[in-house]
Asks: 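Questions regarding the structure given below will be posed in turn.
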Amino acid sequence: MTHQSQHRLTSALGPCLLWVGFLVGAVATVSWLDLDWQPGNQKLKSQLLDSAQLDESTPTYSAWATIPWITYSLGVGLGVVGIGMIRYSRIRRGEERLARTDSLPDLRRRMGELVSGLTALNDNVASWRPEQILAFIDRECSMSFNEFADHRLALSDHFGVKVYAQIMTEVASAERFVNRAWSAAADGYVDEVATSVKRAHAHLQLAAQQFAEVDQR
Amino acid sequence: MSNYEELGKIPIIRGPYPEFTWTAVIAGWIIGSLIAVSVAYAALIVGFSIEGSELAAILGWGLLRGILRRRSIVENNINQTIASAVNGASSGIMFSVPAILILSKNNPAEFGSLASPNVPLLILAGITGCVLGLAFVIPLRKQMIDLNRLAYPGGIAVAVILKSPGSGVRKAALLGGGVVFSAAAHFALVSWLGSDPHWDLGEAAGISPMLNLVISLSVMTVAVGYLSGVGGLWFGAGGFICYFIVGPMLYWLHQMSSGAWVDPRLDAVLAYPSEMRVSLYRPTGIGMLIGAALGGIIAAFPMIRGAFASLSARNQVRVDGQSLSGDEMPLRALYGAIAIGSVILTWIAFQSVDHLGWGRALLLSGLGVVWIWVAGVIVSECVGRTNWSPLSGMTLIAVTLMILISRGGLDKVNTIVCAITVGTAICLAISQASDMMLDLKAGYLVGAIPKRQQWAQLVGCWLGPIIVVVLMLLLHEYRGIGSESLPAPQATALADTMQMLVSHDAPTHRYVAGGILGLMLALSGLGGIGVLIALGFYMPFATVLAYTIGNLVRLISDRMVGKRWGHEIGIPIAAGLIVGESLMGVGFALKDIILNLRGG
């Protein structure tokens with residue numbers, strides 16, 4: 001068996017084992033009612049009393065015995081093996097994706113779009129009317145932020161969660177200040193619009209700088 | 001092209017943008033008090049509490065913009081944050097305080113002394129809980145909102161309302177249309193089918209009742225699913241696992257083994273899905289929620305560490321050569337609040353009854369504080385992903401933990417007093433934590449400064465416990481909580497559970513088994529699916545089905561007409577649908593209250 005087919009098998013088998021293990025564990029957990037269990041539904045209660053299946057006496061053994069722990073452990077064991085396989089294949093997939101680096105140009109392009117959009121807004125904010133600012137943010141900025149956010153996990157794939165947290169903190173701050181600029185523009189507070197756009201631009205520039213630094217490495 | 005192109009419609013104003021103003025604070029206290037009283041009273045009659053953020057945003061919109069002629073979206077955001085912080089007490093207290101009053105009424109011989117609780121201590125416990133809940137959850141804002149970008153559908157709806165004055169006529173019309181349609185639909189359905197309208201699709205199609213194909217007829221729930229998006233489909237998966245896989249597997253195992261491998265009673269019980277949910281799926285779901293949330297914390301630890309590092313790091317952003325002050329509350333202040341809150345909670349536990357030693361008081365408050373953090377994370381994440389809060393389940397666990405610790409050295413009455421006093425603090429902490437995160441999401445979308453919102457929440461949260469505890473005692477004095485006129489269904493259930501707990505054990509075995517399964521899902525690295533699947537086990541399947549329809553509508557609309565359509569048209573309509581049904585729900589509750597007052 002080649003490495004590739006082994007990898008494919010692990011990728012398919014991991015989730016299967018996880019879900020089979022989970023289901024076995026779940027079925028085992030709910031397969032026995034407590035001995036002193038009483039139904040709330042009167043129809044069901046009389047049905048069970050008629051068939052002598054309802055015992056109103058005090059239970060003679062622990063409620064813990066109502067879960068078949070051996071079956072349950074078997075399910076959890078299968079799930080744990082599945083988790084191991086999923087994690088292994090994820091590391092392999094991450095390595096392959098890093099080797100291809102096909103998502104990096106996409107991220108660079110989206111970051112570039114965000115920076116150029118906010119730079120244009122920053123350059124024109126003093127001369128535009130609030131209505132023009134609202135239209136520009138809706139047309140050029142909001143969707144760009146959403147699209148960058150949709151692809152943000154590529155950052156952690158390539159550079160790790162620490163870098164992801166650093167860059168996304170700045171991107172999120174930039175987005176929040178763009179939202180503030182939108183609110184201030186809708187209310188007509190032009191000084192606040194200018195301050196917020198400047199602040200958003202500064203946060204995004206820092207994010208772009210951090211991204212460029214790790215990208216060059 | 002946008003509808004803002006008609007220039008000159010927005011008046012230009014120079015000077016600072018009003019945000020954290022006295023007007024916002026006072027309006028928030030007034031609106032919040034009104035909502036808290038109404039919601040708490042309604043909760044004693046209808047049995048559930050109503051999320052106050054959207055209502056506060058609408059009332060604030062009317063008061064600040066309509067009557068006071070003020071023009072600031074972020075000022076209304078602060079008003080709405082304060083008002084919902086005041087109202088947070090109603091959902092936090094509706095389970096706990098009424099439960100002891102009901103016990104005193106139902107069993108005066110044994111629990112009669114519970115009718116006169118230590119009011120100042122209860123209020124202090126509530127306020128301490130509020131501060132602790134906020135101090136724990138505030139540092140998680142970056143991780144949940146900035147980094148994980150949780151949806152918080154309720155927060156989106158609030159933001160759409162707050163932004164509606166500036167969104168142009170078209171979006172306002174979509175929002176308004178959604179409100180009218182949803183309110184009319186809810187009115188028609190409730191008038192026609194009763195207070196919980198649903199459609200038994202399974203019965204109509206001749207499908208086995210075991211599959212529980214009953215759908216909640218709530219456009220609000222569909223809209224919440226739409227706002228949650230495709231990621232919410234795992235919530236539906238949790239429900240389908242219960243009723244479409246586990247249920248039939250139990251049935252098959254029963255048939256194969258003639259009742260040797262599974263409980264023989266399940267043969268009959270499987271045809272009653274609500275019994276299956278209450279007795280088996282719900283406790284397992286509660287355990288899974290805890291396990292999945294703890295596993296999520298472990299799996300996301302590097303990211304949480306990154307978020308904390310960025311909170312404590314000096315701000316690197318400079319504008320015009322000036323370093324800017326931080327937008328978040330300093331971590332040192334939050335740690336200080338946690339330390340002081342923990343000391344006060346220990347003192348409260350010690351003072352709550354006569355014969356409790358310092359050691360046990362320390363244990364109660366220590367475990368209470370840990371549970372505030374864990375449950376705060378669980379509830380905030382659930383609200384962020386689905387808009388549903390498993391507050392009652394978390395409260396049940398809190399009270400169970402408190403009873404298990406305190407019952408060793410105390411009699412039944414003192415055990416309950418002690419558990420409810422510390423439990424009230426925990427309930428309020430959890431309720432404030434989820435409300436804070438929802439408001440912070442709304443604030444993110446309108447561009448509020450997080451630190452100001454966090455202060456606003458603290459400015460509002462102390463008032464709620466005072467109002468709601470006093471209201472509960474007055475109502476009990478004059479009307480009797482637990483009576484025909486104020487049945488308080490959730491509190492009655494908690495009172496029954498407490499009575500059972502002081503003599504028997506909780507379903508700890510299912511919590512533990514579910515917890516390990518939840519932990520397993522969380523550690524699989526498949527994101528937050530563990531919490532969503534657990535919530536699918538916990539919630540009624542009728543709600544899960546309606547929510548899943550919303551997820552699917554979003555999936556189809558994003559694929560067929562694009563994501564921009566969703567943002568421009570779908571989200572304002574969905575926000576309107578949520579608001580319309582909520583308002584109609586408040587209207588029905590008010591009608592019940594008025595009829596009740598006349599009858600009483």
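So that the names make sense, note that chain A is the first sequence line, chain B the second, and so on, each numbered from 1.
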Asks: Let me confirm one number: the CD-CD distance from Glu192(A) to Glu19(B), rounded to the nearest 0.5 Å.
Replies: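 Answer rounded to 0.5 Å: 7.5 Å.
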Asks: Do you know which two heavy atoms are closest between Leu147(B) and Arg152(A), and how far apart they sit?
Replies: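 Nearest heavy atoms, Leu147(B) then Arg152(A): O-NE, 3.3 Å.
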Asks: Strictly distance-based, threshold 3.5 Å: is any side-chain N or O of Ser183(A) a donor or acceptor partner for the main-chain N or O of Val74(B)?
Replies: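 Side chain of Ser183(A) to backbone of Val74(B): no pair is present.
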Asks: Considering only heavy atoms, which portion of Ala185(A) lies under 4.5 Å from any heavy atom of chain B: side chain, backbone, both, or neither?
Replies: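 For Ala185(A), the contact with chain B is made by the backbone alone.
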Asks: Most heavy-atom pairs under 4.5 angstrom with chain B, which of Met143(A), Met168(A), Gln205(A)?
Replies: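 Sorted descending by pairs with chain B, the first entry is Met143(A).
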Asks: Between CG of Leu33(A) and CG of Leu280(B), what distance do you get to the nearest 0.5 Å?
Replies: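 Reported value, rounded in 0.5 Å steps: 5.0 Å.
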Asks: Go through Arg14(B), Met288(B), His254(B) and name the one with the most non-hydrogen pairs under 4.5 angstrom from chain A.
Replies: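 Greatest number of close heavy-atom pairs with chain A: Arg14(B).
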Asks: Based on non-hydrogen pairs under 4.5 Å, which of Asp263(B), Ile449(B), Val446(B), Leu523(B) is most in contact with chain A?
Replies: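 Counting heavy-atom pairs under 4.5 Å, the top option is Asp263(B).
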Asks: For the atom pair CD1 (Ile10(B)) and CZ (Arg129(A)), what is the distance rounded to the nearest 0.5 Å?
Replies: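 Ile10(B) CD1 to Arg129(A) CZ: 7.5 Å, rounded to 0.5 Å.
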Asks: Do Leu250(B) and Val30(A) have side chains that get closer than 4.5 Å, going by heavy atoms?
Replies: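 Counting from C-beta outward, Leu250(B) and Val30(A) do come under 4.5 Å.
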Asks: Rounded to the nearest 0.5 Å, what's the gap from CG on Asp34(A) to CZ on Arg510(B)? Could you check?
Replies: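 One finds 4.5 Å between CG of Asp34(A) and CZ of Arg510(B).
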Asks: Find the one option among Ile245(B), Val278(B), Val269(B) whose heavy-atom pairs under 4.5 Å with chain A are most numerous.
Replies: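 If we count pairs closer than 4.5 Å to chain A, Val269(B) comes out on top.
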Asks: So, taking the atom named NE2 in His509(B) and the one named CH2 in Trp69(A), what distance separates them when rounded to the nearest 0.5 Å?
Replies: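 Going from NE2 on His509(B) over to CH2 on Trp69(A), the span is 8.0 Å.
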Asks: Which atoms of Phe177(A) come close to chain B, meaning under 4.5 Å heavy atom to heavy atom: side chain ones, backbone ones, both, or neither?
Replies: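 Side chain only.
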Asks: Indicate yes or no for a side-chain donor-acceptor contact from Trp32(A) to the backbone of Pro264(B) under 3.5 Å, with no hydrogens or angles considered.
Replies: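 Judged by distance alone, no pair lies under 3.5 Å.
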Asks: For Leu18(A), is it the side chain, the backbone, both, or neither that has a heavy atom closer than 4.5 Å to a heavy atom of chain B?
Replies: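 When you check distances to chain B, atoms from both the backbone and side chain of Leu18(A) fall under 4.5 Å.
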Asks: Nearest heavy-atom pair of Tyr72(A) and Val512(B): which atoms, and what distance?
Replies: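 Here Tyr72(A) and Val512(B) meet closest at OH-O, 4.2 Å.
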Asks: Around atom OH of Tyr251(B), are there more than 12 heavy atoms from other residues, nucleotides or ligands closer than 6.0 Å?
Replies: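 No, the 6.0 Å shell around OH holds no more than 12 heavy atoms from other groups.
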Asks: So which atom in Lys142(B) and which in Thr169(A) form the shortest heavy-atom distance, rounded to 0.1 Å?
Replies: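 Shortest heavy-atom separation between Lys142(B) and Thr169(A) comes out as NZ-CG2, 3.0 Å.
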Asks: What part of Pro283(B) gets within 4.5 angstrom of chain A, counting heavy atoms only: side chain, backbone, both, or neither?
Replies: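 Contact with chain A involves no heavy atom of Pro283(B) at all.
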Asks: Any Lys/Arg nitrogen of Arg176(A) or Asp146(B) sitting under 4.0 Å from an Asp/Glu carboxylate oxygen of the other?
Replies: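 Asp146(B) and Arg176(A): not salt-bridged.
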Asks: Answer with side chain, backbone, both or neither: which region of Ile12(B) has an atom nearer than 4.5 Å to a non-hydrogen atom of chain A?
Replies: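 Interface part for Ile12(B): both.
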Asks: Taking every heavy-atom pair that is under 4.5 Å apart, which of Val80(A), Asn146(A), Ile86(A) has the most such pairs with chain B?
Replies: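 Among the listed options, the one with the most contacts to chain B is Asn146(A).
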Asks: Out of curiosity, Ser31(A) OG to Met249(B) CE, how far, rounded to the nearest 0.5 Å?
Replies: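 Answer rounded to 0.5 Å: 10.5 Å.
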Asks: Identify the two heavy atoms, one from Ala149(A) and one from Arg149(B), that lie closest to each other, and give their separation to 0.1 Å.
Replies: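 It is CB-NE, 3.2 Å.
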Asks: Which atom pair, heavy atoms only, marks the closest approach of Ala186(A) to Ile73(B)?
Replies: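 In this case the closest contact between Ala186(A) and Ile73(B) is CB-CD1, 4.1 Å.
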Asks: Let me know if Ile516(B) has heavy atoms under 4.5 Å from chain A in its side chain, its backbone, both or neither.
Replies: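 Contact with chain A is through both the backbone and side chain of Ile516(B).
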Asks: Where the side chain of Tyr17(B) meets the backbone of Asp191(A), is there a donor-acceptor pair that is under 3.5 Å apart?
Replies: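 Checking the backbone N and O of Asp191(A) against the side chain of Tyr17(B), no donor-acceptor pair under 3.5 Å is found.
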Asks: Are any of the side-chain heavy atoms of Tyr189(A) and Pro18(B) separated by less than 4.5 Å?
Replies: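 Touching, per the 4.5 Å side-chain cut-off.
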Asks: Can Leu44(A) and Arg265(B) be said to form a side chain to side chain contact (heavy atoms under 4.5 Å, CB included), step by step?
Replies: CA-CA 10 Å; Leu44(A) 176 63; Arg265(B) 292 172 292 180; over 6 Å; no
Asks: I need the residue from Leu445(B), Leu253(B), Leu517(B), Val246(B) with the largest number of non-hydrogen atom pairs under 4.5 Å to chain A.
Replies: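 Most heavy-atom pairs under 4.5 Å with chain A: Leu517(B).
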Asks: At a heavy-atom separation under 4.5 Å, does Ala271(B) approach chain A through its side chain, its backbone, both, or neither?
Replies: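 Neither part, no heavy atoms under 4.5 Å.
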Asks: Just so I know, are the side chains of Thr71(A) and Trp261(B) near enough to count as touching, which here means a heavy-atom distance under 4.5 Å?
Replies: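 A side-chain contact is absent here, since even the closest heavy-atom pair is not under 4.5 Å.
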